[in-house]
2 protein chains.
Amino acid sequence: MISKKTKYALKALIYLSREYDKGPILISDLARDERIPKKFLELILLTLKNNGILQSKKGKGGGYYLGRHPRDITMGQAIRVVEGPLAPVPCVSESAYAKCDECDDEQTCGIRLVMKDVRDAMAKILDGTTLADVLERIDKAEQKQKGVLNFYI
Amino acid sequence: MISKKTKYALKALIYLSREYDKGPILISDLARDERIPKKFLELILLTLKNNGILQSKKGKGGGYYLGRHPRDITMGQAIRVVEGPLAPVPCVSESAYAKCDECDDEQTCGIRLVMKDVRDAMAKILDGTTLADVLERIDKAEQKQKGVLNFYI
DNA sequence: ACATTAATCTACCAAGTCGATAGACAAACA
DNA sequence: TGTTTGTCTATCGACTTGGTAGATTAATGT
C-alpha cells in the first residue's frame, strides 16, 4: 500500500498537470482544492522540487509548477521520490540496489527470482505512464460517465 | 518493500516445500537453518497456520508442515496473509476492498486507474506462482550456476 | 526603503508499525 | 508423570507516518 504522502503527491502533480500553462499555483489553492493538509503538502512539494520534478517561485505571483511537460514526467519518477524504490526487495531495485542481508546467494534466491518479475511488471506500467497519460485516462473516464448519465436522462 | 516478516514467511514456506514428504519440521530447525529469530518465527508460522496455509502437530515428533501440496499454495496467498493485500491502494484490492477516503469519485480517479493496472500485473505473477514453481526455478538457477562452475574447472 | 506575499527551513509531536523477546500455558506422547 | 513441542499474551525499543508550529528567506509591488 502506498502512503498518504504519495497519494497527496500524485494528486498534486495531476492537479499541476491540468493547470500546466497557467503559471505558478499557490500551495494554499492546491491544498484547498485537493483537501490536503497545507503544512504537510508544503513538505511534499518541497521534496518534489528538490528532486527536479517541480519548480517554484517565491513572493507575489509565486507558487509551484511542473519542471517539465506532463508528457515528460512519469508516475514511476514521482513515486520513487516520495515513496522510495518500486522493488519489493532491495536486491532487485534498479534505482536503489542493495543486498538483502537475509540472503547469501542472490543468484539462486527463490524470493528474488519472483520479486524481480514483480518489479519489472510494476516498472513497465509506472515508468510507461506519464502525467499526460493520466489526464487523458481521466478525461476518457469522465466522458464515459457523462455518456451513461445522458443515457438515463 | 516487503517486510522482514514476509521474507521470513516465504523462506519458511520454501523450506517446508522442500521437506514436504518428511513429516513435521521443528520450529527450532527451521529457525536455525534459515537464520530466523526463533520467537519471531513462531508468530509467523502460527498466523500461517491460522490462515490455513500450514498445519502443526504438538508434542514429540511434532512440528509444522504444509497444509496442501506445494503446487496448491501460491506466493500471492502467502503474502496476503502476512503482508496484507497486494493492491497499492485499497480501492483496487480484490481480497480486501475499501474506499479511499481521499477520493470522492472512484470511476474517474486517475491514481486508481493506474494502480488497478499495477495490482493486476502483480496479482497475475504472484497468484500464478506456486511454491512448487519457486522450487523449480531455484533448481534451474542452481543447475545454471553449477554449469558455469564446471566451465571454470 | 518597506510592507506584503509566499516559499523554505527547523523543530517537534502523537500514534502506530516493525522486529524481536520473555514467560506462562496447553496438548501430545512415552 | 515428565518431557517435548506448539500456543498465547504481554512487553519492548526503534523507527515511520501523518501532521503542526513558528521562524526565516526571497521576490515583488508601492
Side-chain angles (χ1 to χ4, degrees), chain A residues 1-12 16 22-32 34-67 79 81-85 88-90 100-102, chain B residues 1-12 16 22-32 34-67 79 81-85 88-90 100-102:
Chain A
M1 293 277 179
I2 63 178
S3 61
K4 282 198 174 191
K5 191 170 163 184
T6 300
K7 277 190 215 173
Y8 291 157
L10 294 178
K11 283 194 155 208
L16 292 176
K22 306 215 178 93
I25 304 290
L26 293 183
I27 299 182
S28 313
D29 290 353
L30 228 172
R32 174 180 24 82
E34 296 292 341
R35 299 203 294 309
I36 302 172
K38 190 189 160 195
K39 279 306 218 172
F40 194 26
L41 181 57
E42 280 183 18
L43 301 179
I44 296 168
L45 296 180
L46 194 55
T47 69
L48 285 171
K49 182 200 159 172
N50 289 337
N51 284 274
I53 293 181
L54 293 182
Q55 294 190 355
S56 66
K57 226 188 125 187
K58 284 187 177 181
K60 186 156 196 179
Y64 275 100
Y65 51 99
L66 294 185
I79 290 174
V81 165
V82 286
E83 184 85 11
V89 283
C100 291
D101 31 343
E102 304 85 18
Chain B
M1 292 276 178
I2 62 178
S3 60
K4 282 200 174 189
K5 192 169 163 186
T6 300
K7 278 191 214 172
Y8 290 157
L10 295 177
K11 282 194 154 203
L16 291 175
K22 306 216 179 92
I25 304 291
L26 292 183
I27 298 181
S28 313
D29 289 352
L30 229 172
R32 174 179 25 83
E34 295 291 341
R35 300 204 292 310
I36 302 172
K38 190 189 159 194
K39 279 305 218 171
F40 195 26
L41 181 57
E42 281 183 16
L43 302 180
I44 295 167
L45 297 180
L46 194 54
T47 69
L48 285 171
K49 183 200 158 174
N50 290 337
N51 285 272
I53 293 181
L54 293 182
Q55 293 190 356
S56 66
K57 226 187 124 186
K58 285 185 175 180
K60 187 155 197 180
Y64 275 100
Y65 51 99
L66 294 186
I79 291 173
V81 165
V82 285
E83 185 86 11
V89 282
C100 291
D101 32 341
E102 303 85 20

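Protein chains get the first letters and strands the later ones, always in sequence-line order, with residue 1 at the start of each. For clarity, every value in this text was computed on a predicted model and none was experimentally measured.
Across all their heavy atoms, B:V89 and B:C100 have their closest contact at CB-SG, 4.2 Å. Between B:L30 and B:A12, the shortest heavy-atom contact is CD2-CA, 3.8 Å. What you find for B:K38 and B:A31 is that their closest heavy atoms are CA-CB, 3.9 Å. Residues A:P24 and A:G61 share a closest heavy-atom pair of CG-O, 3.6 Å. Residues B:Q55 and B:K49 share a closest heavy-atom pair of CA-CG, 4.4 Å. In plain terms, the two heavy atoms of B:T47 and B:V81 that are nearest each other are O-CG1, 4.0 Å.
Residue A:I44 contributes atom CD1, which lies 12 Å from atom P of D:dT20 at whole-angstrom precision. A:L41 places its CG atom 17 Å from the C1' atom of D:dA21, with the value rounded to the nearest Å. Rounded to an integer number of Å, the gap from NZ of B:K58 to P of C:dC25 is 14 Å. Whole-Å rounding puts the B:I36 CD1 to C:dC18 P distance at 17 Å. Here C:dC18 presents its P atom at 15 Å from CE of B:M1, a figure rounded to the nearest Å. Look at NZ on B:K7: it is 14 Å from P on C:dC18, rounded to the nearest Å. A straight line from NZ of A:K49 to P of D:dA26 spans 11 Å, rounded to a whole angstrom. To the nearest angstrom, P of C:dG23 lies 13 Å from CD of B:E42.
Between A:G63 and A:L43, it is A:G63 whose nearest contact on DNA chain C lies nearer the 5' terminus.
Remark: the B:K60 side chain and the D:dG6 base include no donor-acceptor N/O pair separated by less than 3.5 Å. Residue side chain A:K38 does not reach the base of D:dG19 through any donor-acceptor N/O pair under 3.5 Å, judged by distance alone.
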Please write out each protein N/O paired with an N/O of nucleotides 11-18 of chain D under 3.5 Å, distance rounded to 0.1 Å.
residue, atom, partner, partner atom, Å
D:dG18, OP1, A:K4, N, 3.2

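An OP1 or OP2 oxygen of C:dC29 is reached within less than 4.0 angstrom by a side-chain nitrogen or oxygen of B:K57.
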Dump the intermediate steps for side-chain contact (heavy atoms from CB on, under 4.5 Å) on A:L45 and A:I27, then the final yes or no. CA-CA 8 Å; A:L45 296 180; A:I27 299 182; 3.9 Å; yes
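In this structure, A:E83 contributes its side chain and A:S3 its backbone to a donor-acceptor pair below 3.5 Å.
Taking the salt bridge (charged side-chain N to carboxylate O under 4.0 Å, His left out) definition, one finds that B:K39 meets it with B:E42, sequence neighbours left out.
When distances are taken from the side chain of A:K39 to each of D:dC8, D:dG6, D:dG22, the shortest belongs to D:dG22.
Near DNA chain C, meaning a heavy atom under 4.0 Å from it, residues 24-32 of chain B has no residue at all.
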